[in-house]
There are 2 protein chains.
Amino acid sequence: MDINTQNGFRALADPTRRDILQRLACGEHTIAQLTEHFDMTRAAVRKHLTVLSDGGLITTRVSGRERFNALDPNGFAPIRDWINFFDQFWDNQLTNLKDIIENNDRKGPLQ
Amino acid sequence: MDINTQNGFRALADPTRRDILQRLACGEHTIAQLTEHFDMTRAAVRKHLTVLSDGGLITTRVSGRERFNALDPNGFAPIRDWINFFDQFWDNQLTNLKDIIENNDRKGPLQ
DNA sequence: TTAATATGATACCAAATGGTATCGGATGGA
DNA sequence: TCCATCCGATACCATTTGGTATCATATTAA
């Protein structure tokens with residue numbers, strides 16, 4: 001359905017990419033700066049950055065021969081929303097559980 | 001680092017698996033019931049359910065020859081926590097932006 | 001008992017993924 | 001100018017992933 005949500009979740013599925021996001025939380029970094037912290041080549045890090053960009057989780061600013069990568073706050077919204085849908089479900093489940101305990105009669109999706 | 005968080009994010013990376021989770025929000029389903037809604041074999045659905053179980057997002061109850069799959073509320077906690085870390089970051093960024101506008105002097109991680 | 005059903009298990013396949021190696025082009029500093 | 005460096009692009013490789021096909025097993029209903 002939603003290709004942006006899909007790319008966002010896909011970007012978060014790799015531990016290296018989640019690590020990159022946490023490092024970017026301290027400010028923007030170039031590809032070379034990020035590569036220092038990982039046991040892989042610059043090209044591999046660059047690939048991860050492309051996936052993160054496709055997921056809308058980072059933005060890029062090119063200055064001279066350097067490429068600065070930074071977090072994109074908006075990109076996290078679809079993911080947070082998707083998770084929140086389930087939070088609402090937990091609340092309903094707890095409400096149902098409360099009903100079951102108090103009224104000894106089940107009404108909700110637990111059947 | 002955290003293998004459980006990793007398995008959780010990996011489980012959410014596939015659109016079929018996210019679809020399964022949303023269907024399970026309406027109550028538990030057997031493998032055959034879930035398979036009706038997808039254009040793939042029962043074995044493929046079963047594989048997705050294994051990944052979801054590895055991620056701690058679902059639990060399983062076997063009754064006779066049927067296998068009932070249901071959501072596991074606890075499994076979503078690590079993912080929500082990880083996302084929340086960035087929400088806090090956005091708040092800080094907004095605070096910094098406010099400082100910049102009001103005091104015309106930058107203090108935070110934007111350098 | 002017998003047949004239909006719901007699943008488990010295994011082998012297998014094509015495509016995506018994560019990674020390296022290598023070449024080349026711009027840019028910045030001495 | 002000259003060279004180091006930061007990056008883009010491409011080709012290539014091994015592994016993982018998403019999926020099918022097939023056969024075996026256990027359970028339920030008639």
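Letters go in sequence order (proteins before strands), and every chain restarts at 1. Note that these values count all heavy atoms, side chains included, but never hydrogens, waters or copies made by symmetry.
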Any side-chain heavy atom of A/T35 sitting closer than 4.5 Å to one from A/T41?
-> no
Atom-to-atom span, CZ of A/R61 to P of D/dC6 - whole angstrom = 16 Å
Take atom CG of A/D39 as the centre, draw a 6.0 Å sphere, and report whether it contains more than 12 heavy atoms from other residues, nucleotides or ligands.
-> no
Rounded to the nearest Å, what distance is computed from the CZ atom of residue B/F9 to the P atom of nucleotide C/dT17?
-> 18 Å
Rounded to the nearest 0.5 Å, how far apart are CZ of B/R67 and CG of B/L34?
-> 12.0 Å
Nucleic acid footprint by protein, nucleotides 20-30 of chain D - heavy-atom cut-off 4.0 Å, B for base, S for sugar-phosphate alone | BB-----BS--
Whole Å only: how far is the CG atom of A/N69 from the C1' atom of D/dG8?
-> 14 Å
Taking C-beta and beyond as the side chain, do A/F68 and A/E66 meet within less than 4.5 Å on heavy atoms?
-> yes
Look at the aromatic rings of B/F76 and A/F86 and report parallel, tilted or perpendicular, splitting at 30° and 60°.
-> parallel
Is the side chain of A/R17 donor-acceptor paired with the backbone N or O of A/H48 at a distance under 3.5 Å, no angle test?
-> no
Can you tell me how far C1' of D/dG8 sits from CG of A/L49, to the nearest Å?
-> 13 Å
Atom CZ of A/F68 and atom P of D/dC6 are separated, to the nearest Å, by 11 Å
D/dG19 P sits how many Å from B/D14 CG, rounded?
-> 6 Å
Any B/R46 side-chain nitrogen or oxygen under 4.0 Å from OP1 or OP2 of C/dG8 | yes
Please list, one pair per line, the donor and acceptor atoms closer than 3.5 Å that link side chains of residues 51-65 of chain B to other protein atoms, with sequence neighbours excluded.
{"residue": "B/T60", "atom": "OG1", "partner": "B/N69", "partner atom": "OD1", "Å": "3.3"}
{"residue": "B/R61", "atom": "NH2", "partner": "B/E28", "partner atom": "OE2", "Å": "2.5"}

Tell me: NE2 of B/H29 to P of C/dA6, nearest whole Å?
-> 15 Å
Ignoring hydrogens and geometry, is there a side-chain-to-backbone donor-acceptor pair from B/Q6 to A/A13 under 3.5 Å?
-> yes
Could you list all N or O pairs between the protein and nucleotides 13-16 of chain C that sit under 3.5 Å apart?
none

Starting at atom CZ of B/R67, determine the distance to atom P of C/dT7, rounded to an integer number of angstrom.
-> 9 Å
B/H48 side chain near D/dT17 phosphate (N/O to OP1/OP2, under 4.0 Å) | no
Basic-acidic side-chain contact under 4.0 Å: A/D19, A/R23 = yes
